[in-house]
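What follows is a single structure, written as structure tokens, with notes after it.
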Protein chains: 2
Amino acid sequence: MATRSIKEVARLARVSVGTVSNVLNRPEIVAPATRARVFDAIRELGFVRNEVARHLRVGRSRTVGLVVLDVANPFFADVAQGAEALADEHDTMVVLCNSGTDPNRERRHLDQLEQQRVMGILITPVDAGSPRLADLAARGTPVVLVDSAATGLQCSVAVDDRLGGQIAAAHLIEQGHRRIAFVGGPPSIKQVADRRAGAAGAVEAASGVELLDASMPMLSAAAGRAAGERVAALPPAERPTAAFCANDLLALGFLQAMAACGLRVPGDMAIVGYDDIDFAAAAAVPLSSVRQPRELLGRTAVELLLEEVAHPERHRHRQVIFQPDLVVRESSALRRRD
Amino acid sequence: MATRSIKEVARLARVSVGTVSNVLNRPEIVAPATRARVFDAIRELGFVRNEVARHLRVGRSRTVGLVVLDVANPFFADVAQGAEALADEHDTMVVLCNSGTDPNRERRHLDQLEQQRVMGILITPVDAGSPRLADLAARGTPVVLVDSAATGLQCSVAVDDRLGGQIAAAHLIEQGHRRIAFVGGPPSIKQVADRRAGAAGAVEAASGVELLDASMPMLSAAAGRAAGERVAALPPAERPTAAFCANDLLALGFLQAMAACGLRVPGDMAIVGYDDIDFAAAAAVPLSSVRQPRELLGRTAVELLLEEVAHPERHRHRQVIFQPDLVVRESSALRRRD
DNA sequence: ACTGCAGCTTGAGTCGATTCAAAACGATCT
DNA sequence: AGATCGTTTTGAATCGACTCAAGCTGCAGT
């Protein structure tokens with residue numbers, strides 16, 4: 001109710017609305033005395049510029065959407081922080097949306113963001129192949145894939161997940177493990193599939209090594225616990241001696257299940273996680289993990305988006321790929337020969 | 001560029017803009033044949049309603065802002081999830097903003113949210129006393145304080161932090177500790193001050209117990225490590241035997257510092273954290289912690305806001321307060337008498 | 001044939017800020 | 001006094017969707 005408009009400011013300062021607008025946007029072209037009068041009026045009325053009207057008129061929004069698979073996963077919190085840091089430098093807001101790996105929630109968020117006419121969308125999609133994403137781009141909302149490589153239709157920032165899966169598995173093989181469980185998530189998620197493929201590659205390259213699948217429909221600690229219980233329940237002869245988990249939440253849950261079932265880590269079960277979230281190092285058994293440049297992912301995604309928005313005509317989509325590396329901690333320390 | 005407006009839809013469907021608007025908002029009053037023609041046109045053009053224009057006209061936004069102290073703290077991620085869950089049921093978006101306990105970033109976010117004319121703002125303020133919050137409310141943007149009790153000028157949802165601090169300290173005292181460190185954060189943050197006050201109360205009620213302050217300017221794991229190193233460096237006679245940390249991130253960092261300095265937990269140093277984030281249970285030494293209903297805080301905050309927006313006239317500000325409880329784990333298990 | 005009425009559709013006006021061509025102003029120079 | 005030029009200010013048109021009073025149609029009732 002107490003919302004003042006530019007018109008009321010104009011009346012109080014005895015100038016036209018055009019002048020008030022000029023004071024707001026190009027104060028240097030307004031005579032100092034007038035400018036001061038307008039500022040006084042603004043202060044007196046407690047005027048706050050209506051960004052909605054401004055946006056409607058100029059057609060450009062100052063917010064970008066970031067749709068992630070799971071806000072509760074510190075990995076995405078860090079990506080978001082990186083994104084926000086750079087956006088902030090450009091006076092831009094980041095709207096963080098959580099799809100929770102549910103394609104319907106993802107679609108709803110995309111619909112809303114498009115209706116809001118955001119400047120662009122950064123997304124870690126549940127299903128990167130979805131035509132919805134191509135539609136968005138075609139209708140004029142730039143899209144940047146985060147943590148998932150694109151195929152030329154849009155920009156993307158990603159980490160080489162096959163390589164990550166490969167070095168994780170290779171490390172476990174080198175430690176002498178011959179039966180390795182892969183604890184993944186929904187297979188539609190590209191990162192999961194790639195990490196698995198990388199691990200499978202390393203397993204095939206070695207001889208006499210098996211990769212067992214113990215994937216769950218979710219990427220949470222609870223899912224990791226469930227997977228751990230299932231694996232622990234196997235007869236010792238069939239049980240893998242190591243697990244490679246598609247992310248650290250799964251790995252932490254898996255680790256807890258091992259403790260609960262009386263299996264020692266790394267003695268009975270070595271574990272390697274993925275993402276190297278801060279909590280991995282603080283776990284009951286410090287967790288080996290494949291590290292990704294989290295903030296940098298977010299920051300670079302915003303960078304690509306701003307680039308595309310600034311020069312839509314001469315823009316060429318780019319795929320930025322970072323290299324992961326393995327951080328070895330106690331959870332996969334050298335296996336005792338028995 | 002490929003942005004279609006209601007006008008183009010009207011032309012293609014050979015109806016007036018008013019009819020298209022009716023199809024969008026009250027389809028039941030439009031004749032079925034007309035409605036079908038309009039829907040066809042919408043599909044053919046790939047029309048997406050411009051929420052910005054709609055918002056300008058109807059004056060009400062469908063997004064709420066949530067400003068938190070630290071997105072990387074899983075506590076706030078969970079609060080955000082609770083908020084989003086309820087907002088979602090009301091077709092409302094939650095814009096998550098991170099102040100990082102920096103008053104300037106907080107102010108910038110509040111400015112932006114107010115300019116966007118959001119439906120309301122949920123905030124865990126850096127400084128709850130700031131006049132900025134009262135201004136917002138006075139100018140028509142409802143504010144709900146989250147995790148911080150208000151004094152009647154606005155709604156709030158909080159957990160009784162004094163009580164939380166008290167039960168944490170009482171527990172440590174009961175375990176036989178006589179020198180207890182309080183590891184807090186910036187004192188302007190009300191939660192920190194209240195938790196400290198609660199602990200101080202418990203300490204005074206017991207006799208011969210001291211509370212030492214080891215507060216840091218941040219509420220992160222890194223700050224916790226720094227505090228831990230400082231405390232560990234004290235001569236054993238002066239060193240406290242227990243630490244109560246203002247949140248779990250601090251506690252996890254503190255715990256890591258103990259391990260690094262060769263002090264055993266809980267043998268040489270008992271630790272109690274605050275928030276009971278999921279990672280507390282998975283820590284190297286499972287962490288005792290004061291539990292708060294995280295999702296419920298977020299959910300209730302949105303509930304209060306929606307209530308206020310729905311009936312601004314008959315609305316009376318409410319302060320909802322939840323009770324915390326202590327979850328005892330290994331990090332504060334009974335102290336061996338020596 | 002005329003009236004009344006219900007059901008649909010129309011289109012001008014509006015929300016608040018921006019834009020820009022045109023007008024107003026004021027100082028300087030003939 | 002009048003012409004000229006640079007600086008300021010003006011105000012109508014605009015962005016896209018919503019609203020609502022008014023208009024139109026066709027049908028039932030008399």
Side-chain angles (χ1 to χ4, degrees), chain A residues 1-39 41-42 45-62 111-112 114-119 139-141, chain B residues 1-39 41-42 45-62 111-112 114-119 139-141:
Chain A
M1 53 175 59
T3 300
R4 309 341 195 119
S5 77
I6 212 181
K7 215 182 284 178
E8 301 182 53
V9 174
R11 177 150 15 117
L12 183 60
R14 320 243 237 93
V15 296
S16 70
V17 295
T19 298
V20 178
S21 178
N22 283 334
V23 169
L24 257 26
N25 299 299
R26 284 115 69 211
E28 70 282 1
I29 73 160
V30 177
T34 315
R35 200 193 308 155
R37 236 166 53 236
V38 172
F39 277 132
I42 287 177
L45 292 173
F47 166 80
V48 174
R49 191 220 239 104
N50 186 329
E51 179 63 31
V52 177
R54 176 194 173 81
H55 174 185
L56 173 61
R57 184 61 236 258
V58 308
R60 265 216 323 158
S61 161
R62 301 233 112 277
D111 286 351
Q112 290 204 63
E114 189 178 15
Q115 289 179 13
Q116 311 253 16
R117 298 293 192 273
V118 293
M119 173 198 256
R139 282 198 293 261
T141 303
Chain B
M1 54 173 61
T3 301
R4 302 354 191 110
S5 78
I6 214 184
K7 214 183 283 178
E8 300 182 54
V9 173
R11 176 150 17 117
L12 182 60
R14 319 239 239 98
V15 296
S16 71
V17 294
T19 298
V20 178
S21 180
N22 283 335
V23 169
L24 257 26
N25 299 301
R26 286 114 69 212
E28 69 283 0
I29 73 160
V30 178
T34 315
R35 199 193 309 153
R37 235 164 57 234
V38 171
F39 277 133
I42 287 177
L45 292 174
F47 166 79
V48 175
R49 189 220 241 106
N50 186 330
E51 179 65 28
V52 178
R54 176 195 173 81
H55 175 186
L56 173 61
R57 185 60 235 263
V58 309
R60 266 215 324 156
S61 161
R62 302 232 112 276
D111 287 351
Q112 289 204 64
E114 188 178 15
Q115 289 178 13
Q116 311 253 13
R117 298 293 192 272
V118 293
M119 172 198 259
R139 282 197 293 259
T141 303

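Just so we're clear, the structure is a prediction, and the values are computed from it rather than from any experiment. Here is the naming used below: chain letters follow the sequence lines, and residue numbers restart at 1 for every chain.
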**Message:** Taking the side chain as everything from C-beta on, heavy atoms only, tell me whether B/Val30 gets closer than 4.5 Å to B/Val38.
**Reply:**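 In short, these two side chains do not touch, never coming nearer than 4.5 Å.
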**Message:** Would you say that A/Arg60 contacts A/His55 through its side chain, given a criterion of any heavy-atom pair below 4.5 Å between the two side chains?
**Reply:**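 Of all side-chain heavy-atom pairs linking A/His55 with A/Arg60, none is under 4.5 Å.
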What is the distance, to the nearest angstrom, from the [atom1] atom on [X] to the [atom2] atom on [N]?
X: B/Asn50; N: D/dC15; atom1: CG; atom2: C1'; answer: 9 Å
X: A/Gln115; N: D/dG16; atom1: CD; atom2: C1'; answer: 13 Å
X: A/Gln116; N: D/dG16; atom1: CD; atom2: C1'; answer: 15 Å

**Item:** Contacts of A/Glu114 that satisfy side-chain contact (heavy atoms from CB on, under 4.5 Å) - sequence neighbours left out
**Value:** A/Arg132, A/Leu136, A/Arg139, A/Thr141, B/Val48
**Asked** Looking at B/Val20 and B/Ile6, what are the two nearest heavy atoms and their distance?
**Response**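 Taking B/Val20 first and B/Ile6 second, the nearest heavy atoms are CG1-CG1, 3.3 Å.
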Point-to-point distance, once rounded to the nearest 0.5 Å, from [atom1] of [X] to [atom2] of [Y]:
X: A/Leu56; Y: A/Ser61; atom1: CG; atom2: OG; value: 12.0 Å
X: B/Asn50; Y: A/Gln115; atom1: CG; atom2: CD; value: 9.0 Å
X: B/Ile42; Y: B/Leu12; atom1: CD1; atom2: CG; value: 10.5 Å

**Asked** Base, sugar-phosphate, or nothing for B/Val15, non-hydrogen atoms under 4.0 angstrom?
**Response** sugar-phosphate
**Request:** Indicate, with a heavy-atom threshold strictly under 4.0 Å, whether A/Ser5 touches base, sugar-phosphate, or nothing.
**Result:** sugar-phosphate
Pairs under 3.5 angstrom, nitrogen or oxygen only, protein versus nucleotides 4-8 of chain D, please.
none

**Message:** At a heavy-atom distance below 4.0 Å, which nucleotide of DNA chain C is the first touched by chain B, and which is the last?
**Reply:**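 That gives a stretch of C/dC8 to C/dG16.
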**Request:** Apply side chain to side chain contact (heavy atoms under 4.5 Å, CB included) to the pair B/Leu24 and B/Phe47, showing each step before the final yes or no.
**Result:** CA-CA 11 Å; B/Leu24 257 26; B/Phe47 166 79; 3.9 Å; yes
**Request:** Could you note down all residue pairs passing side-chain hydrogen bond (donor to acceptor under 3.5 Å, both in side chains) where residues 24-35 of chain B supplies at least one of them, sequence neighbours left out?
**Result:** B/Ser21-B/Asn25, B/Asn22-B/Arg26, B/Asn25-B/Arg49, B/Asn25-B/Arg54
**Asked** Please walk me through it: do B/Met119 and B/Arg62 pass side chain to side chain contact (heavy atoms under 4.5 Å, CB included)?
**Response** CA-CA 6 Å; B/Met119 172 198 259; B/Arg62 302 232 112 276; 3.8 Å; yes
Every protein N/O within reach of nucleotides 18-23 of chain D N/O, cut-off under 3.5 Å:
{"residue": "D/dC18", "atom": "OP1", "partner": "B/Asn25", "partner atom": "OD1", "Å": "3.4"}
{"residue": "D/dC18", "atom": "OP1", "partner": "B/Asn25", "partner atom": "ND2", "Å": "3.3"}
{"residue": "D/dC18", "atom": "OP1", "partner": "B/Arg49", "partner atom": "NE", "Å": "3.2"}
{"residue": "D/dC18", "atom": "OP1", "partner": "B/Arg54", "partner atom": "NH1", "Å": "2.4"}
{"residue": "D/dC18", "atom": "OP2", "partner": "B/Ser21", "partner atom": "OG", "Å": "3.1"}
{"residue": "D/dC18", "atom": "OP2", "partner": "B/Asn25", "partner atom": "ND2", "Å": "3.2"}
{"residue": "D/dC18", "atom": "O2", "partner": "B/Arg57", "partner atom": "NH1", "Å": "2.6"}

**Request:** Using the test salt bridge (Lys or Arg N to Asp or Glu O under 4.0 Å), find all partners of A/Glu51 that sit at least two apart in sequence or belong to another chain.
**Result:** none
